[in-house]
Amino acid sequence: MFCFQCEQTAKGTGCTVGGVCGKKADTANLQDELTGALIGLARAVDGNKPTESTHKAAIDSLFTTVTNVNFDDEAIRKQIDIINAEKAKLIPKCADCASACSRNDNYDINQLWRDNEDIRSLKSLLLLGMRGMAAYAHHALILGKTDETVNNFFYKGLFAIGEDDNSADELLSLVMELGNVNLRCMELLDEANTGTYGTPVPTKVSCNIESGPFIVISGHDLHDLKLLLEQTKDKGVNIYTHSEMLPAHGYPELKKYPHLKGNFGTAWQNQQKEFADIPAPILFTTNCIMPVKPSYSDRTFTTSVVAFPGMVHIGDDKDFTPVINKALELGGYKELHKMTGINGGDTMTTGFSRGTVLSVADKVIDAVKAGAIKHFFLVGGCDGAKPGRNYYTEFVKQTPKDTVILTLACGKYRFNDLDIGEIGGLPRIMDMGQCNDAYGAIKVAIALSEAFNCSVNELPLTLVLSWYEQKAVCILLTLLALGIKNIYIGPTLPAFISPNILNVIVEKFSLTPISTPEADLKKILG
């Protein structure tokens with residue numbers, strides 16, 4: 001196998017025997033085969049009109065290959081069959097042709113790994129960015145939102161990966177185009193979520209677990225959460241979010257369910273320890289699932305594109321009865337079970353959506369003009385298991401009291417239970433939501449730049465990002481496509497970016513690897 005798509009990849013270069021994520025070589029190779037089939041589909045789309053089922057198949061298949069989504073070989077084989085069937089619909093006569101032809105053949109992904117270093121780097125950026133964008137497109141599609149520009153770019157990008165004659169400049173242009181298209185994709189998801197569940201409002205969420213049966217729901221899919229809340233209504237089963245599901249508590253249409261009680265645990269990488277002995281089932285709706293330990297394998301359920309061998313999978317009918325029955329069987333805790341975040345806090349506040357932040361924009365602007373707010377930091381992104389991520393906790397702790405920290409995605413679990421005070425009645429830490437909600441943070445930055453009549457790069461704003469997987473990659477590409485500079489990124493640089501391509505990005509966008517909180521704060525604040 002060869003895989004270097006995530007931050008924790010072996011030796012910082014690539015996993016070649018087994019994935020650090022727990023993915024086996026056979027599974028990795030099947031995911032490569034699925035990617036090759038997707039490129040074959042893109043070749044078939046060229047000159048033919050894809051249907052809604054083509055779009056769904058392509059989006060779900062790309063999402064299937066994102067880190068910590070699908071570890072089930074049989075599920076991946078079925079997805080390969082789905083892609084090949086969609087291709088056959090587009091070019092039915094090809095199935096009867098006895099001659100080999102590269103025009104519509106599936107692609108051997110090993111060709112990509114053997115390519116020129118810089119070409120491989122750019123094609124990898126393109127592929128991994130599209131995998132991330134597919135996750136956002138998947139969530140939007142479930143809620144009935146789709147966009148032809150987004151759908152068509154998947155085929156355009158996949159087709160380019162399978163071509164041998166693209167120059168570095170052409171590929172770099174495609175990578176930047178992906179960043180712009182992903183902005184539209186994130187806007188689409190924002191419209192889907194707020195249009196369905198309302199605009200999130202600030203909400204304090206308890207970390208404690210009440211007595212009685214309960215279910216822990218993980219992942220990102222708000223639609224699955226809504227269905228679970230409906231199916232557990234009046235059944236005496238409480239629901240607790242986990243990791244990236246935390247922001248669900250801010251949505252009015254989800255808040256109205258009284259049995260949506262609180263948040264269990266912290267970020268995704270702690271699940272194997274945190275799930276070990278809880279008397280309740282866990283439902284994974286999307287990434288990020290880790291290899292399931294025997295201590296909780298009998299109470300783990302998956303749905304949608306998520307799969308793990310041996311786990312009960314809830315199909316498209318979304319009948320969560322097996323999960324509910326398991327919760328009733330286990331019974332939950334006998335009395336209040338107290339839990340805390342990683343810093344010892346027992347509550348977390350979420351729901352500072354762009355609508356909420358912009359509704360108090362006049363107060364924020366006045367506070368900046370009066371000198372009460374000197375600087376904004378966006379500290380967010382994916383969390384992960386490798387050492388060095390305590391940087392983000394220490395960075396937030398050391399920020400001056402006249403600064404504001406906007407945050408989103410699961411990286412916030414490093415510090416979102418801290419109480420670091422307020423400015424003008426507003427908390428200094430504002431959780432803007434999931435990684436899926438990055439569009440909101442971008443819109444806030446643009447609104448501030450318009451209010452102060454300057455570019456985003458001239459604002460007293462610094463982005464300090466952590467990355468782990470492919471959704472973080474496409475968000476970074478969107479920020480670069482928007483021309484946003486001086487981004488700090490860590491804890492390590494991606495293995496799939498070659499030195500030459502890295503130099504181009506650094507020189508053009510002033511991308512800076514993190515060092516120490518003390519040194520970086522001194523550099524940022526002067």
Side-chain angles (χ1 to χ4, degrees), residues 1-6 8-9 15 18-39 41 56-86 109 127-128 130-139 141-142 154 158 217-221 223-224 242-245 268-269 271-272 275 282-293 296-297 300-316 318 382 384 410 435-436 468-474:
M1 67 174 286
F2 180 75
C3 182
F4 58 2
Q5 69 177 5
C6 80
Q8 68 181 8
T9 195
C15 296
V20 174
C21 67
K23 183 169 56 182
K24 298 187 186 318
D26 288 348
T27 307
N29 291 328
L30 279 170
Q31 290 187 347
D32 284 349
E33 185 180 337
L34 177 55
T35 302
L38 280 162
I39 293 171
L41 177 66
K56 183 179 186 305
I59 288 167
D60 286 354
S61 295
L62 280 165
F63 194 5
T64 294
T65 60
V66 168
T67 306
N68 292 89
V69 171
N70 198 311
F71 294 80
D72 191 320
D73 291 0
E74 187 56 36
I76 298 170
R77 288 191 185 96
K78 287 180 181 177
Q79 206 61 39
I80 293 170
D81 290 342
I82 289 170
I83 292 298
N84 287 333
E86 287 296 330
I109 202 72
L127 173 61
L128 304 184
M130 285 191 294
R131 287 178 176 177
M133 185 168 75
Y136 302 133
H138 168 93
H139 292 297
L141 184 59
I142 285 172
F154 287 123
L158 286 164
I217 182 167
S218 189
H220 302 71
D221 201 292
H223 180 63
D224 283 335
H242 170 257
S243 193
E244 282 276 62
M245 275 293 190
W268 67 269
Q269 75 277 1
Q271 65 188 256
Q272 291 176 326
F275 292 160
I282 307 103
L283 173 64
F284 285 93
T285 65
T286 56
N287 58 314
C288 304
I289 188 172
M290 296 174 73
V292 180
K293 296 289 188 181
Y296 58 96
S297 62
T300 296
F301 299 81
T302 61
T303 191
S304 189
V305 294
V306 186
F308 193 86
M311 301 302 103
V312 175
H313 187 79
I314 307 299
D316 292 341
K318 297 295 182 180
C382 305
C410 61
C435 59
N436 298 16
Y468 172 74
E469 43 90 317
Q470 296 78 68
K471 289 191 285 183
V473 172
C474 68

Is the closest side-chain heavy-atom distance between [X] and [Y] below 4.5 Å?
X      : Y      : result
Cys21  : Phe71  : yes
Thr300 : Phe275 : no
Gln271 : Ile282 : no
Leu41  : Leu158 : no
Met311 : Ile289 : no
Phe154 : Leu62  : yes
Gln5   : Thr65  : no
Met245 : Ser218 : no

Least distance between heavy atoms, [X] atom then [Y] atom:
X      : Y      : answer
Thr9   : Cys15  : OG1-N, 3.2 Å
Thr67  : Gln470 : N-OE1, 2.9 Å
Phe308 : Pro291 : CE1-CA, 3.4 Å
Gly132 : Cys474 : C-SG, 3.6 Å
Met1   : Ala28  : CE-CB, 3.6 Å
Val306 : His313 : O-CE1, 3.0 Å

### Query
Which residue pairs pass the salt bridge (Lys or Arg N to Asp or Glu O under 4.0 Å) test when at least one of the two sits in residues 59-69, sequence neighbours left out?
Lys56-Asp60
### Query
Do any pairs count as a salt bridge (Lys or Arg N to Asp or Glu O under 4.0 Å) and have a residue in residues 62-76, sequence neighbours left out, and if so which ones?
Glu74-Arg77
What pairs with [X] under ring pair (Phe, Tyr, Trp, His ring centres under 6.0 Å), at least two apart in sequence or on another chain?
X      : answer
Tyr136 : none
His220 : none
His138 : Phe63
Phe284 : none

### Message
Tell me every residue that passes salt bridge (Lys or Arg N to Asp or Glu O under 4.0 Å) with Lys293, counting only those two or more places apart in sequence or in another chain.
### Response
none
### Task
Name all residues meeting the salt bridge (Lys or Arg N to Asp or Glu O under 4.0 Å) criterion together with Glu86; count only those two or more places apart in sequence or in a different chain, and write none if there are none.
Lys89
Indicate every side-chain donor-acceptor pair of residues 29-37 with a distance under 3.5 Å to a residue at least two apart or in another chain.
{"unit_1": "Asn29", "atom_1": "ND2", "unit_2": "Ala25", "atom_2": "O", "d": "3.2"}
{"unit_1": "Gln31", "atom_1": "OE1", "unit_2": "Lys23", "atom_2": "NZ", "d": "3.3"}
{"unit_1": "Gln31", "atom_1": "NE2", "unit_2": "Asn70", "atom_2": "O", "d": "3.1"}
{"unit_1": "Thr35", "atom_1": "OG1", "unit_2": "Gln31", "atom_2": "O", "d": "3.0"}
{"unit_1": "Thr35", "atom_1": "OG1", "unit_2": "Arg131", "atom_2": "NH2", "d": "2.9"}

### Message
Before you tell me yes or no, could you show the steps for Thr285 and Ser304 under side chain to side chain contact (heavy atoms under 4.5 Å, CB included), namely the whole-Å CA-CA distance, both residues' side-chain angles and the distance that decides it to 0.1 Å?
### Response
CA-CA 6 Å; Thr285 65; Ser304 189; 5.9 Å; no
### Query
Yes or no on side chain to side chain contact (heavy atoms under 4.5 Å, CB included) for Glu244 and Cys435, after CA distance, side-chain angles and deciding distance?
CA-CA 8 Å; Glu244 282 276 62; Cys435 59; 3.3 Å; yes
### Task
State which residues pass side-chain hydrogen bond (donor to acceptor under 3.5 Å, both in side chains) with Thr64; sequence neighbours excluded, sorted by chain then number.
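Once residues adjacent in sequence are excluded, Thr64 has no partner under the side-chain hydrogen bond (donor to acceptor under 3.5 Å, both in side chains) criterion.
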### Task
Under the side chain to side chain contact (heavy atoms under 4.5 Å, CB included) rule, collect the residues that match up with Lys24, sequence neighbours excluded.
Thr27
### Task
Not counting sequence neighbours, which residues clear side chain to side chain contact (heavy atoms under 4.5 Å, CB included) with Phe2? List them please.
Phe4, Thr16, Trp113
### Query
If you measure only the distance, is there a donor-acceptor pair under 3.5 Å linking the side chains of Asn287 and Glu469?
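A donor-acceptor contact under 3.5 Å links the two side chains.
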